[in-house]
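Presented below is the structure to which this report refers.
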Amino acid sequence: MKKSIPAVKGTREFYPEEMALRNFIYEKVRAASQMFGYQEWDAPFIETIDLYAAKSGEELVKKQSFTFEDRGGDFVTLRPELTPSLARMIAAKQGELNFPVRWWSFGPFWRYEQPQRGRTREFFQWNIDMLGVNSPEADAELIAVGATFLRSVRLNPERAVIYVNNRRLMDSEFDALGILPEKRLDISNLVDRRTKMEPAKWDAYALELGLDQRQLDGLKDILANFDLWKKSEELVRLFAALEALGVKEYVKFDPNIMRGLLYYTGTVFESFDTSGSVKRAIFGGGRYDNLLADVGGQPLSGVGFAMGDVVAGIILQESGLVPEFVPTPASVLVTVFDESMWMKSFELASELRSAGLNTMVFPEPAKLQKQFKFADKMKIKIALTIGPDEAANGQVAVKSLTTGEQVIVKREAVADEIRRLLR
RNA sequence: GAGCCUGUAGCUCAACGGCAGAGCGCUACACUGUGGCUGUAGAUGUUGAGGGUUCGAAACCCUUCAGGCUCCCCA
């Protein structure tokens, strides 16, 4: 073998079996999105670097995106996220769009990161957003879309949970502790890290950030208070809506969910695999109020979330929820008895295709044993044979590879016989 | 960007510094008009790549690539 050129680090090759999983996820994503009336859309896969430099930190853009100079000397970036493109496209047609806008998308993204479990450099991501409505009920709808997806892939609430929190609630709690607004970013970072650090080290880190002991104790009380949501009118309304939407069993309040503070301003939520097999979120999102600020549009509030295909795929596989792989879309194989019968097989296959049946012809005359073995391995359910005897009588041998039974039928009746067997 | 672990047949993995192997899969035949099951026989390797130490390296050392687990990050 010649020396092989490896695939780019962090990319995945989609052999038919992996492609089937990707398509399975895509189909469920589409079904959940459309069930709530969302429209499919997409943005360019490459954008100018400026689009991201405006909003995201420069470090992020420089170190964690695929950016390169094109032949004209411009710097372009393989999109690491969809939100800036969404903001631009909404702003460009803000005057003519019919609000609320409900849009969803599923496509490729790239991030130049260290690949590890649940994270690759090239991945597919479901994005779904509602723009132009600012209410807890709208937030609930997005959470319900996510829950509907989980339910549709049969990830039950014991296996996957959506944790919810609210930024405004946390801000007011922080305020009550006398934590200054400019410290909020640090504190939310601190909260995010809590599960990753040893308690003593976490305490020390908190004090290092400038909290005093009273504030630290207060913060711990907040993070342990799972009834805190009752103090937030938004969350009370949110949970009432979730109940009415029939997804309450998937959703839990958790004051530890922060999701950074980059642009979320209200409700935030994250879905996790409860088995702990993958520590990364299945999906996450929330409400953002300042989406269009940086791209020159009128103020517009939105709520949305994103789900990568990598974590979702791992969890589905581990849970045994991926449908059995079907190697070929053909339900029928027409064998080629010998060279003299070859064209007869082609003609038969053509008739069956016209009748709406996915039909494959063995590519050459070969031992029937070999042809049937092939059909078996491809899990094709029905094999047809036209030999000299059948040809002489205008018949076809129809064999079910499921039951092993074979019947000889008239050529005109073949399609109906196949349909009967496939039922 | 940093640390640790791993890399051997198509797959899963063995092999004390001393002849590179097993199971599964694959191919052929038994079975020249029919798959699965069974039996018999057979094929397959630059041990990720490159360099070094050694009489001798899959093994030890260095470099590099890829994967995994952490840190960082997670838009």
Ignoring the backbone of A/F372, work out which of B/G35, B/G33, B/C72 is nearest its side chain. B/G35
Separation of the P atoms in B/A2 and B/C11, to the nearest angstrom: 31 Å
For the CG atom of A/L190 and the CG atom of A/L185, what is their distance to the nearest 0.5 Å? 11.5 Å
Classify A/K379 by what it touches in the nucleic acid, base, sugar-phosphate, or nothing, heavy-atom distance under 4.0 Å. nothing
Checking all strands, does A/F337 fall into the base, sugar-phosphate, or nothing category for heavy-atom contacts under 4.0 angstrom? base
Going by the rule side-chain contact (heavy atoms from CB on, under 4.5 Å), which residues pair with A/T77 if we only count those two or more places apart in sequence or in a different chain? A/I49, A/Y52, A/S65, A/T67, A/P80
Show every donor-acceptor pair shorter than 3.5 Å between a side-chain atom in residues 377-392 of chain A and any protein atom, with sequence neighbours excluded, or say none if there are none.
from: A/K379; atom 1: NZ; to: A/E324; atom 2: OE2; distance (Å): 3.3
from: A/T385; atom 1: OG1; to: A/T335; atom 2: OG1; distance (Å): 3.1
from: A/E390; atom 1: OE1; to: A/G387; atom 2: N; distance (Å): 2.9

Output for pair (A/L131 CG, A/L86 CG), nearest 0.5 Å, gives 5.5 Å
Using a strict heavy-atom distance below 4.0 Å, which residues from residues 309-329 of chain A are in contact with RNA chain B? none
Rounding to 0.5 Å, atoms NZ (A/K220) and CH2 (A/W202) come to a distance of 6.5 Å
Taking the minimum atom-to-atom distance to the side chain of A/R280, which one of B/G36, B/C74, B/G33 wins? B/C74
When A/F149 is tested against each of A/F283, A/Y26, A/W126 for ring pair (Phe, Tyr, Trp, His ring centres under 6.0 Å), which residue passes? A/W126
Starting at the 5' end of RNA chain B, which residue's closest nucleotide do you reach first, A/E405 or A/K9? A/E405
Does A/R102 make a cation-pi contact with A/F36 (under 6.0 Å, within 45 degrees of the axis)? no
May I ask you to say what A/R12 touches in the nucleic acid, namely base, sugar-phosphate or nothing, with a heavy-atom cut-off under 4.0 Å? nothing
What is the nucleic acid contact for A/E390, judged by heavy atoms within less than 4.0 Å: base, sugar-phosphate only, or nothing? base
Would you give me the side-chain donor-acceptor pairs under 3.5 Å for residues 416-423 of chain A, sequence neighbours excluded?
from: A/E417; atom 1: OE1; to: A/R420; atom 2: NE; distance (Å): 3.3
from: A/E417; atom 1: OE2; to: A/R420; atom 2: NH2; distance (Å): 2.9
from: A/R419; atom 1: NH1; to: A/A355; atom 2: O; distance (Å): 3.3
from: A/R419; atom 1: NH2; to: A/A355; atom 2: O; distance (Å): 3.1

Compute both the distance and the angle, then confirm whether A/R22 meets the cation-pi test with A/F14: under 6.0 Å from the six-membered ring centre, within 45 degrees of the axis. yes
For RNA chain B, find the residues of residues 409-423 of chain A with a heavy-atom distance under 4.0 Å and give them by number; none if there aren't any. none
Close N/O contacts between protein and nucleotides 24-26 of chain B (under 3.5 Å):
from: B/C26; atom 1: OP1; to: A/K377; atom 2: NZ; distance (Å): 2.3

Kindly give the atom pairs (protein nitrogen or oxygen, nucleotide nitrogen or oxygen) under 3.5 Å for nucleotides 28-31 of chain B.
from: B/C29; atom 1: OP1; to: A/K367; atom 2: NZ; distance (Å): 2.7
from: B/C29; atom 1: OP2; to: A/K367; atom 2: NZ; distance (Å): 3.4
from: B/C31; atom 1: O2; to: A/Q369; atom 2: OE1; distance (Å): 2.9

Protein-nucleotides 37-42 of chain B N/O pairs under 3.5 Å:
none

hbond_proxy A/Q406 side chain to B/U34 base (donor-acceptor, 3.5 Å cutoff): yes
Taking only heavy atoms on the protein side, list every residue of residues 102-133 of chain A lying under 4.0 Å from any atom of RNA chain B, sorted numerically. A/R111, A/E113, A/Q114, A/P115, A/Q116, A/R117, A/R119
Taking side chain to side chain donor-acceptor pair (under 3.5 Å) as the cut-off, I'd like each qualifying pair that reaches into residues 349-373 of chain A, sequence neighbours left out, listed once. A/E351-A/R411
Would you check if the side chain of A/Q94 reaches a backbone N or O of A/Q298 as a donor-acceptor pair within less than 3.5 Å? yes
Taking everything shown except A/E182 itself, do over 12 heavy atoms lie less than 6.0 Å from its CD? yes
Applying side-chain contact (heavy atoms from CB on, under 4.5 Å), can you list everything that pairs with A/N225, at least two apart in sequence or on another chain? A/D227, A/L228
Can you give the dot-bracket line for RNA chain B, using ( ) for pairs inside the strand, [ ] for pairs that cross earlier ones, | for pairs with another strand and . for unpaired bases, where Watson-Crick and G-U count if both distances are under 3.5 Å? (((((((..((((....[..)))).(((((.......))))).....(((((..]....))))))))))))....
The single option from A/T83, A/T265, A/D129 that satisfies side-chain hydrogen bond (donor to acceptor under 3.5 Å, both in side chains) with A/Y288 is A/D129
Is a donor on one side and an acceptor on the other found under 3.5 Å between the side chain of A/T403 and the backbone of A/E405? yes
Taking A/Q215 for the side chain and A/L177 for the main chain, is one N or O donor matched with an acceptor at less than 3.5 Å? yes
